[in-house]
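Quick note on labels: first sequence line is chain A, next is B, and so on, each numbered from 1. In what follows, every heavy atom counts, from backbone to side chain, and hydrogens, waters and symmetry copies are set aside. Small disclaimer: the values here were computed from a predicted structure and weren't measured.
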Amino acid sequence: MQTVRYPQEHMHRISYTKLTEAQITERLRATNNGPSSASPLSDALTGRTVRIVTDNGPALEYRFTSSNRLSLSENGAAAVETGYGALTLDRVVFFSHMVPGTQRGYNIVIDQDSRLVTVFDVWFSGFDDNREVQREIFHGYVDEAGQTPPESRHGITNRIEGNGFYWKQDNGIETLEFYPSVFSSNFVDLTRFGGELSYCSPTDYVKVTDNLYIYARVEAEFSGILTMYVLDLRSESQVGVRLGFDETDTLEYYVFNGKGESVGQLATFSPFDDKGETIPLGNRQIDARRGARPVYRPMRNDWTMTADEVNAAVAGNRRVFPEGGSAMSGNGMPISDFLVGREMTLRLDRGPVVQYQFDGIHQLRWRREGERRWTDERYQAWEAMPGVVMFGHLLSGAPEHDCLKIVADFDRGLASCINGTMGTPYIANESAAKTFFGVIEASGVNAPRYHRHEFSTDLVGSALTWNYSPGLTSMHLYSTPHSLSWIIFLENGAGGMEWSGPASYVKIRDDLYLVYWLEEACNGVLGTILVNKRTMHDCGIGYSCGRNGLSLSAIGAHSRNAGKFDIMKYFARSDV
Amino acid sequence: MTQGNSTSRRAFFWKAGAAALTAPLAAGAAGAVHASEGTASSDADLRQRLERLEDVEAIRALNTTLMRHVNRGEHEAVRALFANPDRAIATIDSRIARLSHDHAASHAAGHAVGHAVGSSGEPASDSDGISIDSDGAHASATLCCIAQIATPLSADGGTLAEMARLQGTGVIRHERQVQLKAAYRKQCDGWRFTDLALPSA
């Protein structure tokens with residue numbers, strides 16, 4: 001019996017309803033009763049009056065009449081009553097409520113020892129997409145008569161950058177959550193989405209104490225749901241809230257506690273003295289809109305094209321391994337002449353059979369087995385290990401503007417091929433990929449009958465940095481057996497923006513892996529690299545189509561090992 | 001500020017009397033000052049030399065102000081330092097992320113950094129490489145600087161370059177010695193740049 005719930009569509013593909021303000025207002029009426037909870041709510045606040053003062057933010061006076069009802073006066077205004085839910089973790093009380101008759105509410109973390117408070121002021125209908133929860137963070141304290149206000153404050157931090165956790169909430173929801181950035185995070189929803197792909201969302205990290213931190217992500221460009229919790233590094237536990245509308249537009253509003261397991265830590269690259277108390281955004285100007293922050297929204301970058309536009313663009317311009325390379329190959333491996341003068345047949349299982357003649361270091365001829373006519377093509381090749389060559393080329397005339405990216409092991413007669421095509425059911429200039437395994441037939445090569453390259457999970461959980469050329473460095477996080485994330489560094493070396501897409505990993509030899517990733521719902525690029533973990537260098541090929549035509553170009557970068565999350569056991573449990 | 005109040009400062013000095021001026025000037029140009037002391041022509045000469053000294057100081061302050069605004073990314077303030085703001089050339093806005101004096105290079109070039117009067121007693125036409133034209137209304141300078149050049153990432157950096165630009169890091173930074181060729185014009189409200197050229201990288 002199937003135990004994993006795979007979705008009809010993954011998050012990059014779901015057409016989330018553009019909920020109107022009226023629809024949201026209607027759905028939020030239920031929040032007057034406060035959030036639901038699978039565990040008993042805390043009565044830590046019951047009977048108390050709490051006055052919260054924030055810096056440059058609201059003054060909030062609460063009276064907690066029971067474990068799920070409160071009254072709130074904002075900035076001295078008349079009090080309103082509503083439902084709330086509170087949970088405790090170590091010295092922290094966390095509670096959440098919405099303000100009746102509005103689309104806003106508060107999620108508040110109180111450190112009972114220090115009296116320090118962090119207030120997440122949250123609201124709907126504050127962005128183009130009404131369903132996306134917005135937030136503004138205020139730090140402050142609990143004002144108590146006769147007590148001097150504390151001078152310190154909670155604040156943003158890089159102290160948990162690089163951490164990763166498996167979490168299981170009290171309602172059974174399981175996730176993997178990685179923090180490879182100081183303003184973004186990566187999550188794998190094992191329960192709701194089957195754990196196949198990872199996703200990235202803008203995220204806040206706030207330090208409460210040396211072991212208590214606030215994590216808050218908004219699934220921007222997806223459902224818009226907020227997941228916010230306080231996590232305790234020492235006990236690997238959490239309390240928090242989930243607020244928003246799921247893919248069926250059903251309100252999720254519940255508080256939860258959860259138990260976690262640290263899955264490890266990745267390396268971080270900011271200076272040792274940098275505590276992450278600011279986020280350096282270089283020349284980026286953040287607009288003055290309340291709650292504004294950098295959010296990567298690749299589907300709003302006007303890159304998508306129609307099929308007719310794609311065909312016209314491809315007919316107008318094809319750029320195949322242009323002289324001088326590109327910024328993505330500034331640290332590329334030397335181009336190899338290994339294939340020059342050779343002839344071979346690439347015989348792929350349940351795939352194409354292609355004959356080759358390599359006439360020069362950039363010129364090859366190909367034809368499908370059985371055809372008479374050869375087609376000239378420009379190619380590029382690299383020898384990643386002795387006898388292992390990666391090369392790629394377009395298939396001129398193919399209706400889907402195909403490319404082949406091939407890794408051929410001449411010592412073993414094995415080949416793997418990523419067949420890139422242009423266009424998906426979603427976007428005409430988004431690449432798709434098929435993986436084929438097979439053999440090469442050539443003079444002096446005895447191909448095996450049964451042995452093949454295979455998909456591998458060796459890399460899953462690993463992170464490698466890739467420096468392509470000066471100023472152009474990213475980190476890959478091989479986040480699930482079927483996806484990867486890429487993270488861009490800020491000027492101080494801390495992790496910044498990230499995105500993710502489907503991927504696969506094929507073991508070619510020990511320490512040599514063929515990796516592809518699709519920049520799904522994000523420029524549509526198919527990247528394919530051959531990762532040599534001995535030399536920490538890769539070679540590879542990018543394939544994309546934009547308004548300036550079809551492009552097949554080299555990739556090459558130097559790598560550093562950034563660590564590994566121990567996560568495979570969670571996927572094995574999920575039948576992956 | 002200097003270019004805005006240079007006239008009033010000059011007026012104050014001259015009200016204080018030429019005699020009061022001889023002492024500070026003598027510190028740098030004793031022979032020249034004493035030789036012409038007490039004559040009408042020496043007063044005119046002093047006045048002219050003082051004006052030139054003040055012009056040099058005003059231009060030096062303008063240069064420093066430019067660097068401060070550039071380093072803070074205050075592009076509008078940079079534009080305001082130009083006689084024609086549209087001449088606040090693109091190189092200042094987009095390529096130079098930081099500018100600082102290269103004192104070693106200035107020294108090597110013979111610029112009398114920090115000394116407004118040369119050993120000959122003549123106004124320091126080459127102080128900081130600043131040269132005042134004979135009309136007193138135009139000037140030029142060669143500014144020896146360390147420039148941090150921010151070159152935008154190549155568009156063929158694809159998605160990574162796009163993401164880097166979106167988070168404010170879409171540039172490659174490197175420092176190099178540069179000689180900025182500056183031209184100035186004196187306006188009623190003080191000195192302004194008329195041109196500022198960065199040699200090609």
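Interface remark: Leu166(B) contributes backbone and side-chain atoms alike to the contact with chain A (heavy atom separation under 4.5 Å). With a threshold of 4.5 angstrom between heavy atoms, Phe489(A) approaches chain B through N, CA, C or O but not through any side-chain atom. Of the two parts of Glu491(A), the backbone and the side chain both hold a non-hydrogen atom closer than 4.5 Å to a non-hydrogen atom of chain B. Heavy-atom distances place both the backbone and the side chain of Trp499(A) under 4.5 Å from chain B.
Taking the six-membered ring for Trp, Phe222(A) and His12(A) have ring centres closer than 6.0 Å. Between Phe178(A) and Phe187(A), a ring centre-to-centre spacing not shorter than 6.0 Å is recorded.
Judged by a 6.0 Å distance limit and a 45° cone about the ring axis, Arg192(B) is not positioned over the six-membered ring of Tyr184(B). Tyr199(A) does not carry Arg217(A) over the face of its six-membered ring by the limits of under 6.0 Å from the centre and within 45° of the normal.
The candidate with the highest count of non-hydrogen atom pairs below 4.5 Å against chain A, out of Leu160(B), Ile172(B), Thr169(B), is Leu160(B). When the candidates Asn548(A), Leu472(A), Ile488(A) are compared by the number of heavy-atom contacts under 4.5 Å with chain B, Ile488(A) comes out ahead. Per-residue heavy-atom pair counts under 4.5 Å with chain B were compared for Pro470(A), Gly496(A), Ser329(A), and the maximum is reached by Pro470(A).
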Carefully, step by step, assess Ser198(A) and Ser485(A) under the rule side chain to side chain donor-acceptor pair (under 3.5 Å).
CA-CA 7 Å; Ser198(A) 64; Ser485(A) 304; 3.3 Å; yes

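Classified by interplanar angle (parallel below 30°, tilted 30° to 60°, perpendicular above 60°), the ring pair Trp486(A)/Trp517(A) is tilted.
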